[in-house]
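Convention: sequence-line order gives letters A, B, ...; per-chain numbering from 1. Just so it is clear, the structure is predicted and the values come from calculations on it, not from any experiment.
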2 protein chains.
Amino acid sequence: MSAAIRSPQPSPPLTRSVEDYLKSVFHLTSQGGFATTSDIAEMLEVAPPSVSGMMKRLSETGLIEHVPYRGVQLTPQGRRAALQMIRRHRILESYLTSKLGFDWGDVHVEAERLEHAVSEKLIERMADALGEPRYDPHGAPIPTAAGEIEEAELVSLAAAEVGHTVVLQEVSDEHPARLRYLAEQGLRPGVQLTVIDRQPFNGPTTARLGDGTTRVVGQELALLLLCRPADGE
Amino acid sequence: MSAAIRSPQPSPPLTRSVEDYLKSVFHLTSQGGFATTSDIAEMLEVAPPSVSGMMKRLSETGLIEHVPYRGVQLTPQGRRAALQMIRRHRILESYLTSKLGFDWGDVHVEAERLEHAVSEKLIERMADALGEPRYDPHGAPIPTAAGEIEEAELVSLAAAEVGHTVVLQEVSDEHPARLRYLAEQGLRPGVQLTVIDRQPFNGPTTARLGDGTTRVVGQELALLLLCRPADGE
DNA sequence: ACAGGGCATTAGGTTAGCCTAATTATCAGA
DNA sequence: TCTGATAATTAGGCTAACCTAATGCCCTGT
């Protein structure tokens with residue numbers, strides 16, 4: 001029995017859990033660098049040894065590059081798989097929100113379960129029904145079917161300079177209650193904000209909205225509000 | 001340590017595989033009687049010992065009644081769970097067909113995966129968007145959210161008497177190619193058929209459609225065409 | 001230069017769900 | 001009634017993912 005040539009093996013479908021690990025690594029390495037075992041463990045709510053074990057398997061299948069004691073990064077193949085999951089997730093969130101009346105806060109959990117069960121075909125039908133949206137309901141960019149994603153330089157409201165005007169681009173949180181609160185405050189993607197004050201020592205930021213009203217946002221929430229400079233700044 | 005009272009335990013969510021077993025048992029006992037180990041094994045494409053093992057666990061959790069060496073039946077609780085899955089499945093099939101352009105043959109596989117991942121809320125939103133449909137695209141009745149299902153006395157075309165007129169009510173098959181073929185032949189739920197001939201020895205049935213054209217249907221396919229007597233028969 | 005703290009990994013165990021092989025129950029027909 | 005064929009069950013294993021406890025590596029601060 002000679003060893004088979006193993007190049008174009010039809011790679012078995014990824015399990016639910018593998019898909020989740022890849023997504024975590026993608027998010028944790030989006031600023032460059034390595035994803036650490038403990039960060040992944042925290043994000044997925046599993047114990048660190050579970051991560052070590054999975055990382056070993058994933059590097060054997062070529063989806064990640066593992067540098068022992070340092071962390072992991074996605075290979076091109078792993079990145080492709082992660083982006084596909086992120087596309088599924090964001091298309092689902094968009095579809096549930098705009099076609100089935102789900103609210104901003106609830107879609108995440110639903111999409112999290114569905115993204116492992118939908119076929120490519122269903123996602124493309126949904127994308128089509130929505131008119132190929134480029135952003136999900138939280139303002140996050142949706143990767144294309146070909147696996148490209150827009151990379152924007154965003155800065156959180158907590159770090160925006162006083163006096164500057166920014167546009168809220170993306171609300172990076174999956175916590176329903178916080179999202180609902182932010183929505184009530186009118187803090188949704190697309191809103192223009194002028195930073196008019198910030199208390200020292202990680203204190204709250206005060207910003208003026210387009211309609212002249214102001215909002216005082218504590219640091220924890222302000223960190224979730226990702227902004228780009230307003231046009232002409 | 002005294003034994004805890006075990007009445008209103010918050011019953012853990014059913015696993016994917018448990019849901020599949022319950023559905024099988026439901027379908028296999030729809031004519032009354034017991035579902036046998038080997039029938040379940042065949043339907044789910046697992047080995048018989050896997051079924052024995054699962055039946056043991058399911059009867060411990062009170063979802064089925066197991067009579068050793070005879071078979072199983074659903075308890076009221078198991079029936080409720082099975083009907084919920086069937087509702088999910090059929091609503092999904094209806095939604096995918098009518099809102100996302102899936103075709104008759106393909107929906108089954110997609111729904112089979114999704115039914116384990118959708119929330120109750122999503123199913124009800126879909127049902128609502130469809131106007132609370134009572135039948136799925138194959139003509140099968142959809143259980144209500146309360147868990148009631150229409151039970152009709154149907155007879156397959158292969159067993160309908162020569163000379164009688166029937167209405168095709170439901171096409172009971174999940175095989176895409178067969179469904180596509182039947183659809184091409186115009187054999188969809190709602191069509192009226194008059195049986196004009198049947199060859200002996202399990203031979204084909206010949207039936208006339210409403211438009212006067214005839215179809216010759218081999219026994220294997222005719223068994224899949226479930227009919228009710230036409231009004232006024 | 002090295003001691004400790006903190007993180008990562010290895011060791012070893014659990015559970016669900018599947019498998020094959022061996023065993024046992026049931027029932028129909030001689 | 002007995003005997004086989006058929007079907008169900010038990011026995012014993014495997015794998016994927018998880019866990020806790022024990023061990024090992026790395027780096028910073030004295």
Side-chain angles (χ1 to χ4, degrees), chain A residues 9-25 28-29 33-74 78 81-82 85 112-113 115-117, chain B residues 9-25 28-29 33-74 78 81-82 85 112-113 115-117:
Chain A
Q9 46 188 338
S11 68
L14 304 180
T15 66
R16 195 212 135 93
S17 155
V18 166
E19 291 171 342
D20 284 338
Y21 278 96
L22 291 177
K23 270 205 318 179
S24 291
V25 175
L28 291 168
T29 55
F34 289 88
T36 68
T37 299
S38 41
D39 285 350
I40 298 168
E42 188 187 359
M43 183 169 283
L44 295 178
E45 301 185 279
V46 297
S50 307
V51 177
S52 286
M54 183 60 90
M55 292 306 108
K56 196 169 164 202
R57 292 199 296 118
L58 293 186
S59 58
E60 276 159 11
T61 55
L63 291 162
I64 62 169
E65 202 67 56
H66 184 193
V67 180
Y69 291 98
R70 182 137 287 135
V72 299
Q73 285 181 317
L74 295 172
M85 293 313 294
E112 195 82 348
R113 272 177 294 106
E115 64 190 9
H116 305 290
Chain B
Q9 47 187 336
S11 68
L14 304 180
T15 65
R16 195 212 135 95
S17 154
V18 165
E19 291 170 343
D20 285 338
Y21 278 96
L22 292 176
K23 269 204 320 179
S24 291
V25 175
L28 291 168
T29 55
F34 289 88
T36 68
T37 299
S38 39
D39 285 350
I40 299 168
E42 188 187 358
M43 184 170 281
L44 295 177
E45 301 184 278
V46 297
S50 306
V51 177
S52 286
M54 183 61 89
M55 292 306 109
K56 195 169 165 203
R57 292 199 293 122
L58 292 187
S59 58
E60 277 159 9
T61 55
L63 292 161
I64 61 169
E65 202 67 57
H66 185 194
V67 181
Y69 291 97
R70 182 137 285 135
V72 299
Q73 283 182 318
L74 294 172
M85 293 313 294
E112 195 81 351
R113 272 178 291 106
E115 64 189 9
H116 305 290

**Asked** Under 4.5 Å between any side-chain heavy atoms of E112(A) and E115(A), yes or no?
**Response** yes

**Item:** F34(A) CZ to dC7(C) P, straight-line distance once rounded to whole Å
**Value:** 18 Å

**Item:** Candidates M43(A), H116(A), M85(A) - the one meeting side-chain contact (heavy atoms from CB on, under 4.5 Å) with D20(A)
**Value:** H116(A)

**Message:** What does the B/S/- profile of nucleotides 19-28 of chain D look like, 5' to 3', with a 4.0 Å heavy-atom cutoff to protein?
**Reply:** BBB--BS-S-

**Asked** What integer distance in Å separates R16(B):CZ from dC18(C):P?
**Response** 10 Å

**Item:** Residue-phosphate contact under 4.0 Å: S17(B) side-chain N/O, dC18(C) OP1/OP2
**Value:** yes

**Prompt:** Taking S50(A) for the side chain and V46(A) for the main chain, is one N or O donor matched with an acceptor at less than 3.5 Å?
**Reply:** no

**Request:** Measure from CG on L44(B) to P on dC19(C) and round the result to the nearest Å.
**Result:** 10 Å

**Asked** Taking CG from D20(A) and C1' from dA16(D), how many angstroms apart are they, rounded to a whole number?
**Response** 14 Å

**Asked** I40(B) has an atom CD1; how far is it from atom C1' of dA7(D), in whole Å?
**Response** 13 Å

**Message:** Please tell me if S38(B) has a side-chain N or O lying less than 4.0 Å from either OP1 or OP2 of dA8(D).
**Reply:** yes

**Item:** All salt bridge (charged side-chain N to carboxylate O under 4.0 Å, His left out) counterparts of D39(B), not counting sequence neighbours
**Value:** none

**Prompt:** Hey, does the side chain of Q73(A) reach the backbone of G33(A) with a donor-acceptor pair shorter than 3.5 angstrom?
**Reply:** yes

**Asked** Is the shortest side-chain N/O distance from Y21(A) to OP1 or OP2 of dA16(D) below 4.0 Å?
**Response** no

**Asked** Less than 4.5 Å apart, any side-chain heavy atom of V25(B) and any of L58(B)?
**Response** no

**Message:** For dA8(D) and H66(B) - does any side-chain N or O of the residue sit under 4.0 Å from the phosphate oxygens OP1/OP2?
**Reply:** no

**Item:** Nearest-Å distance for atom pair CE/C1', residues M54(B) and dC19(C)
**Value:** 14 Å

**Request:** Please report, rounded to the nearest Å, how far the C1' atom of dA16(D) is from the CD atom of E19(A).
**Result:** 15 Å

**Message:** If you define the side chain from C-beta out and look only at heavy atoms, does anything of V67(B) sit under 4.5 Å from F34(B)?
**Reply:** yes

**Request:** Could you work out which one of dC18(D), dT9(C), dT9(D) sits closest to the side chain of S52(B)?
**Result:** dT9(D)

**Message:** In whole Å, I'd like the distance from the CD atom of E42(A) to the C1' atom of dC7(C).
**Reply:** 14 Å

